[in-house]
Amino acid sequence: MDLRRALRVTAGLALGGLSAFAEAAFVVVATLVLAVPAARPAVFQATRWFAERERARLRRFLDYPTSDDYRDSRALRYLASRSVAGGLGAGVFALIGLGLATAVITVWQLAGGQPLGDDQDWFDVPVLLLMGALLVFLAVQGLIGVGALERTLAHHFFGPTKQERLQRRVDALTHSRAEVVEAVNDERRRIERDLHDGVQQRIVSLGMLLGRARRAKDPERAEALLRQAHEETQLALQELRDVAWRVYPIALDEGGLATALEALAERSSLPVALSYALEERLDPATETVAYFVASEAVTNAIKHAAASRIEIAVARAGRMVGVTITDDGVGGAQVAGNGLSGLARRVGAADGVFTVDSPAGGPTVVRAELPCA
């Protein structure tokens with residue numbers, strides 16, 4: 001710890017010692033006033049004001065940031081406990097002040113040649129120096145202890161309790177389960193829509209062509225209809241392949257996310273620039289979500305954004321992998337839209353974060369951050 005930081009911490013502890021008396025008085029009054037239900041909002045508002053002042057002091061002087069996610073009742077208990085710790089700090093500073101005053105008086109007597117007592121001996125000065133060094137050491141350790149106690153109390157009272165964290169985790173898992181179910185339903189509806197609007201229409205057209213060819217009496221007419229039916233068969237097969245690819249591209253299993261995104265870029269009707277910065281493969285579940293985010297975002301850009309160019313970037317930051325899709329279209333995309341809301345649910349089901357930045361006039365930036373091992 002350098003001198004400047006030591007002085008800053010000391011100043012913070014001194015301020016904490018002074019504020020402890022006001023906080024102790026407030027806790028006593030607040031405890032009594034809480035018996036009146038109508039006064040509780042005002043009491044808790046004042047409690048939060050004191051707690052925020054303490055959080056600011058800890059952050060500025062003790063370099064100890066704390067969470068603002070705490071309940072007012074816990075803040076009141078924190079003020080009660082911290083006022084005791086602050087009182088200890090004030091006591092340490094009071095002893096330091098008495099020690100300094102004693103040292104000044106002793107040095108003044110020695111400098112003036114005055115005796116320290118009636119029975120002064122030669123070893124009095126060395127003993128005083130040793131005792132002074134010991135008191136300085138104890139004072140420093142006392143301040144360090146008070147600082148550690150302040151951090152411990154802040155860590156305990158600020159932020160959610162263990163039970164609250166568990167409850168939030170349960171709520172998050174319940175929400176994720178609902179997101180998974182909704183994502184599966186969205187996917188099923190999309191597959192049914194693709195089959196109905198694409199493959200089924202092709203097959204109906206194929207049946208009509210074959211029926212007309214069967215009823216045709218002119219051989220040339222029948223041959224032309226059969227030729228059209230053959231072409232329609234090829235188109236139906238291509239539609240079916242496209243649906244199967246959108247359900248789950250086999251490239252994910254064979255080559256991983258990089259290969260699947262390269263295939264996506266090649267199949268796109270717009271130029272797609274791919275930047276892939278991962279050195280190792282992700283787990284299959286994360287790769288699947290990342291691919292479908294990119295695929296759906298590219299599809300939306302082609303259909304609705306009037307874009308001329310799309311960029312896909314995949315990079316890792318710590319324990320998260322980011323998938324960013326940018327297009328130079330007209331913008332105005334909303335997460336509440338049909339396609340993007342489905343992506344948000346899919347990413348949320350994987351405990352990820354999904355964001356869309358799409359101002360009017362563009363560009364549109366769709367980003368998914370997914371946890372990975």
For the pair E232 and I203, evaluate side chain to side chain contact (heavy atoms under 4.5 Å, CB included) and give the outcome as yes or no after the intermediate values.
-> CA-CA 8 Å; E232 198 69 25; I203 294 176; over 6 Å; no

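- Counting non-hydrogen atoms of other residues, nucleotides and ligands closer than 6.0 Å to CZ of R281 gives a total above 12.
- A salt bridge links R48 to D72: at least one charged side-chain nitrogen sits closer than 4.0 Å to a carboxylate oxygen.
- Atom CZ of R60 is surrounded by 12 or fewer heavy atoms from other residues, nucleotides or ligands within 6.0 Å.
- The two atoms that bring F354 and A368 nearest to each other are CD1-CB, 4.3 Å, heavy atoms only.
- Under the ring-ring contact (aromatic ring centres under 6.0 Å, His included) criterion, F157 pairs with no residue at all, not counting sequence neighbours.
- In this structure, F61 and V9 have side chains that are not in contact, with every pair of non-hydrogen atoms separated by 4.5 Å or more.
- Considering I310, I325, L261 as possible partners of V272, the one that fulfils the side chain to side chain contact (heavy atoms under 4.5 Å, CB included) test is I310.
- At most 12 heavy atoms of other shown residues, nucleotides or ligands fall within 6.0 angstrom of atom CD in Q45.
- Heavy-atom minimum distance, A229 versus L210: CB-CD2, 3.8 Å.
- In the hydrophobic clustering of this structure, Y276 does not group with V365; members are Ile, Leu, Val, Met, Phe, Trp, Tyr whose side-chain heavy atoms approach within less than 4.5 Å, directly or through other members.
- Across all non-hydrogen atoms, the minimal contact from A75 to Y70 is CB-CE1, 3.7 Å.
- The structure places CG of L18 at 6.5 Å from CG of L15, a figure rounded to the nearest 0.5 Å.
- Here the CZ-CG distance, from F26 to L76, works out to 6.5 Å after rounding to the nearest 0.5 Å.
- Side-chain contact between T355 and V353 is present, with at least one heavy-atom pair separated by less than 4.5 Å.
- Through direct or relayed side-chain contacts under 4.5 Å between Ile, Leu, Val, Met, Phe, Trp and Tyr, M208 connects to V204.
- If you take CG on L143 and CD on Q141, they are separated by 9.5 Å, rounding to the nearest 0.5 Å.
- Look at R227 and E223 and you find a salt bridge, because one of the NZ, NE, NH1 or NH2 atoms lies within 4.0 Å of a carboxylate O, short of that distance.
- Side-chain atoms of V293 and V347, non-hydrogen and from C-beta on, do get closer than 4.5 Å to each other.
- Between T66 and Y64, some side-chain heavy-atom pair lies under the 4.5 Å cut-off.
- Remark: R316 engages E280 in a salt bridge, criterion side-chain N to carboxylate O under 4.0 Å.
- The side-chain heavy atoms of L282 and L370, taken from C-beta on, include no pair separated by under 4.5 Å.
- Note: F158 and Y78 have tilted aromatic rings, judged against thresholds of 30 and 60 degrees for the angle between ring planes.
- Counting heavy atoms from C-beta on, the side chains of L32 and V29 never come closer than 4.5 Å.
- Scanning both residues, L257 and E287, for their nearest heavy atoms gives N-OE2, 3.4 Å.
- Summarising the geometry of A305 relative to D327, their closest heavy-atom pair is CB-OD1, 3.8 Å, with the distance given to 0.1 Å.
- The salt bridge (Lys or Arg N to Asp or Glu O under 4.0 Å) test applied to E150 returns R57, R82, not counting sequence neighbours.
- In summary, the side chains of T324 and R367 do present a donor paired with an acceptor at a separation below 3.5 Å, with no hydrogens or angles considered.
- A donor-acceptor pair shorter than 3.5 Å cannot be found between the side chains of E311 and S275.
- A continuous path of ILVMFWY side-chain contacts below 4.5 Å connects V33 to L79, so both sit in one hydrophobic cluster.
- Both F44 and V27 belong to a single network of hydrophobic side chains, linked directly or stepwise wherever heavy atoms of I, L, V, M, F, W or Y lie under 4.5 Å apart.
- To the nearest 0.5 Å, atoms CG (L149) and OG (S81) are separated by 9.0 Å.
- Contact between A85 and V146 at its shortest, heavy atoms only, is O-CG1, 3.9 Å.
- Within the 4.5 Å cutoff, the side chain of L138 has no heavy atoms near those of the V140 side chain.
- One finds the OG atom of S73 at 11.0 Å from the CZ atom of R40 (value rounded to the nearest 0.5 Å).
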Let me see the working for T286 and V289 under side chain to side chain contact (heavy atoms under 4.5 Å, CB included), right down to the final yes or no.
-> CA-CA 5 Å; T286 303; V289 176; 5.9 Å; no

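- Expressed to the nearest 0.5 Å, how far CD of E54 lies from CH2 of W49 amounts to 9.5 Å.
- In this structure, L13 is not a member of the same hydrophobic cluster as L135, with clusters built from ILVMFWY side-chain heavy atoms closer than 4.5 Å.
- For the pair T47/V43, a side-chain contact is recorded, criterion being any heavy-atom separation below 4.5 Å from C-beta on.
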List the steps, then state whether side chain to side chain contact (heavy atoms under 4.5 Å, CB included) holds for V321 with V314.
-> CA-CA 7 Å; V321 60; V314 182; 4.0 Å; yes

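- With hydrogens and angles disregarded, no donor-acceptor distance shorter than 3.5 Å links the side chain of S268 to the backbone of L264.
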After noting the C-alpha distance and the side-chain angles of E262 and L274, does the key distance pass the side chain to side chain contact (heavy atoms under 4.5 Å, CB included) rule?
-> CA-CA 7 Å; E262 289 174 359; L274 176 61; 3.7 Å; yes

